[in-house]
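Sharing a structure with you now.
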There are 2 protein chains.
Amino acid sequence: MSLQKYQAFITSIEYGSITKAANVLGYTQSGVSRMILELEKEWNLSLIKRSKSGVFLTSDGHKLFDQIKRICNEQQILKQYIEDLNDCQSGLLRIGVFSSVATHWLPNIMKRYKNDFPNIQIELLLGDYTEIEEWILEGRVDFGFLRLPSPQKFETLSIEPNDRLMVILPKDHPLADCEKFPMQKLEEYPFILLEKGVNAEISRLFEQTGIHPQINFKTWDDYAIMSMVENGLGISILPELILSRIPYQIIAKELDTPFYRNIGIAMRSQENLPKSAKKFLEYLAYRNC
Amino acid sequence: MSLQKYQAFITSIEYGSITKAANVLGYTQSGVSRMILELEKEWNLSLIKRSKSGVFLTSDGHKLFDQIKRICNEQQILKQYIEDLNDCQSGLLRIGVFSSVATHWLPNIMKRYKNDFPNIQIELLLGDYTEIEEWILEGRVDFGFLRLPSPQKFETLSIEPNDRLMVILPKDHPLADCEKFPMQKLEEYPFILLEKGVNAEISRLFEQTGIHPQINFKTWDDYAIMSMVENGLGISILPELILSRIPYQIIAKELDTPFYRNIGIAMRSQENLPKSAKKFLEYLAYRNC
DNA sequence: AGTATAATAATAACGAATGTTTATCATGTT
DNA sequence: AACATGATAAACATTCGTTATTATTATACT
């Protein structure tokens with residue numbers, strides 16, 4: 001019961017000769033002869049009729065030929081799939097991303113990756129940290145971007161450990177000209193809180209420092225916050241990544257005690273990633289150009 | 001590259017456990033574990049993720065699963081075909097027959113055969129000796145009925161070596177009461193010649209005996225001949241088999257020097273016949289009951 | 001027509017490769 | 001702690017595929 005024997009049988013019939021089939025397949029005549037004999041013995045059937053001018057199908061052989069050929073074809077297709085996977089010549093790559101990564105990093109990365117591996121289809125699933133964690137667990141994505149450390153026990157890669165949390169102010173704010181924004185002053189102005197999913201890093205910052213700002217609004221939309229700040233409704237804190245290209249009249253200031261968001265990649269197992277995904281990880285270096 | 005390994009992989013995934021798959025397939029846990037490892041090594045891919053609570057697909061494994069499963073399914077179908085062929089539980093039996101066999105023998109044979117092997121589909125190809133020979137050569141039929149000896153070098157089985165050639169006369173013929181019809185008298189009456197294909201046994205009879213009848217008609221239709229004889233248009237010679245059930249008012253007489261038609265079965269190789277056909281040959285004994 | 005030659009497939013014997021098991025280990029889960 | 005999971009090493013069993021040979025038949029050449 002082996003695919004080699006099937007191929008030997010098929011080829012012998014197609015070339016009408018065991019000897020020719022052996023040459024084509026790189027076996028000896030004896031080898032192919034034995035393979036077919038073994039099939040016949042194993043199945044208790046006569047598959048081919050031998051003559052001194054070659055071989056041809058018996059009635060039973062004829063009945064099985066198509067089905068055996070079909071199996072060989074499917075095997076050929078499988079081999080092609082495998083080759084493609086190894087060459088990154090095909091495949092689907094699913095990645096979990098959150099909005100700032102999708103907006104500011106992925107365009108650069110994907111432009112280069114797609115250029116080198118045009119046949120890899122990429123599917124981006126946009127969500128918050130919690131959703132992305134779920135997708136990784138369930139295998140809905142090959143890997144995902146997360147804020148590190150992640151509560152789940154994933155394998156992780158740190159990519160951008162120093163995504164500074166910046167205070168954003170309207171242009172005419174009293175502290176618009178200070179060098180670094182003093183932590184304590186956060187309590188003195190209305191505050192607009194960015195809150196996405198459970199992993200609200202900014203809430204944690206306040207917990208750790210014991211600061212209690214006057215939270216007037218909470219929202220999950222980065223751009224809504226910037227717009228509100230621009231209009232003088234309050235101040236806020238956003239990761240620097242989000243502020244890469246600011247379309248608003250606002251000012252971003254460092255805090256006097258710096259806080260960072262650590263952005264990384266998480267997956268169930270780096271070892272088990274498909275080749276196309278491993279390659280993708282190498283392209284993360286191009287995120288800013 | 002073997003189907004056992006494919007099955008091991010598929011089953012492990014379907015049961016979510018290598019150990020369970022091993023039990024189901026009748027291997028040891030170690031055996032199945034190694035099979036999958038060998039596939040992964042051979043393909044340079046990671047197919048499954050192992051854990052202490054079982055196994056599940058990696059991304060690459062997922063991409064190949066369906067195709068591998070498809071191959072296993074096709075293999076299953078093949079196995080079924082083979083089993084059916086061995087049990088005569090399915091299959092197509094093609095038989096070349098000439099008209100008198102089809103009319104007088106096959107109904108009895110087929111009734112019994114079909115009763116014992118209801119799932120074998122039988123295809124009867126009706127033709128003359130020459131056509132049947134061609135069909136056997138080309139493999140269009142598994143075997144065929146022929147008059148023996150056959151000019152082709154087939155393997156043959158004699159079934160009815162003594163199909164007497166009988167003179168047929170109208171009821172009111174002058175020799176209607178004779179015991180055996182004298183050869184020489186054949187020249188004295190108009191003769192209607194049965195001539196089918198090239199192997200006209202009756203023409204050969206005349207050649208061998210040097211008798212030259214007055215041939216008024218030639219036709220290939222047995223019943224047309226009987227009808228013409230009945231209407232006094234002449235006399236003829238027909239094999240006894242054709243006369244089994246005579247629907248005409250005619251008389252059949254033996255010749256004073258007896259001639260026989262030898263009816264048999266011919267095939268390329270009895271050894272290579274499908275089981276269903278071999279079985280059929282055993283049922284030839286039932287041709288007259 | 002007869003003979004030599006070439007081509008075909010089968011067979012026996014053998015070594016290499018592969019398949020499969022037993023026994024054991026390592027690691028999580030309950 | 002007991003159990004269940006999978007991996008590993010070593011031994012054994014089977015299969016695979018080869019070389020060398022035989023047997024048969026078609027083909028070519030006297």
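On a predicted model such as this, the values are computed, not experimentally measured, just so you know. Below, chain A is the first sequence line, B the second, and so on; all start at residue 1.
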Next item on the list: Report yes or no: do A/R268 and B/S51 form a side-chain donor-acceptor pair below 3.5 Å?
Entry: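 No donor-acceptor contact under 3.5 Å links the two side chains.
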Check: Taking atom P of D/dG17 as reference, at what distance in whole Å does atom CD1 of A/I36 sit?
Finding: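 Result: 13 Å.
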Notebook entry, point to check: Can you pull the side chain to side chain donor-acceptor pair (under 3.5 Å) pairs that have at least one residue in residues 23-37 of chain A, sequence neighbours excluded?
Noted result: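 Passing the test, one end in residues 23-37 of chain A: no pairs.
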Next item on the list: Round to a whole Å and report the spacing from CZ of B/F9 to P of C/dG19.
Entry: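 My rounded result for the distance is 17 Å.
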Margin query: What is the distance, to the nearest angstrom, from the CG atom on A/L25 to the C1' atom on D/dG17?
Written below: 13 Å
Notebook entry, point to check: Are the charged groups of A/K49 and B/E155 less than 4.0 angstrom apart, N to O?
Noted result: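 B/E155 and A/K49: not salt-bridged.
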Note to self: Without decimals, in angstroms, what is the distance between A/N23 CG and C/dA7 C1'?
What the structure shows: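 These atoms are roughly 12 Å apart.
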Notebook entry, point to check: Counting only N and O atoms by type, is there a donor-acceptor contact under 3.5 Å from the side chain of B/D142 to the main-chain atoms of B/R94?
Noted result: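 A pair under 3.5 Å: yes.
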Check: Separation of B/L3 atom CG from C/dT18 atom C1', in whole Å?
Finding: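 Nearest whole value for this atom pair: 15 Å.
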Notebook entry, point to check: Of the nucleotides C/dG19, D/dT8, D/dC16, which one has an atom closest to the side chain of B/S2?
Noted result: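 Shortest atom-to-atom distance from the side chain points to C/dG19.
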Margin query: Tell me whether the side-chain N/O atoms of B/S33 come closer than 4.0 Å to OP1 or OP2 in D/dA7.
Written below: yes
Next item on the list: Could you work out which one of D/dA7, C/dT8, D/dC16 sits closest to the side chain of A/K5?
Entry: D/dC16
Next item on the list: Send over the distance from B/K49 NZ to D/dG6 C1', rounded to a whole Å.
Entry: 12 Å
Check: How does each nucleotide of nucleotides 20-30 of chain C score, in 5' to 3' order, for protein heavy atoms under 4.0 Å: base (B), sugar-phosphate only (S), or none (-)?
Finding: BBBB--BBS--
Check: Whole Å only: how far is the CD atom of A/Q7 from the C1' atom of D/dG17?
Finding: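 Taking CD of A/Q7 and C1' of D/dG17, I get 17 Å after rounding.
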Checklist line | Between D/dG17 (P) and A/L39 (CG): distance, integer Å | finding: 12 Å
Next item on the list: Run the salt-bridge test on B/E38 and B/K41 with the 4.0 Å N-O cut-off and return the result as yes or no.
Entry: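 Here B/E38 does not pair with B/K41 in a salt bridge, since their nearest N and O are not under 4.0 Å apart.
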Note to self: Does C/dA7 have its OP1 or OP2 closer than 4.0 Å to a side-chain nitrogen or oxygen of A/T19?
What the structure shows: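 A/T19 to C/dA7 OP1/OP2: no side-chain N or O under 4.0 Å.
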Next item on the list: May I ask you to check whether over 12 heavy atoms, not counting those of A/F65, lie within 6.0 Å of atom CZ?
Entry: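 For A/F65, atom CZ is crowded (more than 12 foreign heavy atoms under 6.0 Å).
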Checklist line | ring pair (Phe, Tyr, Trp, His ring centres under 6.0 Å) partner of B/F280, chosen from B/F145, B/Y113, B/F117 | finding: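 Exactly one candidate clears the test, B/Y113.
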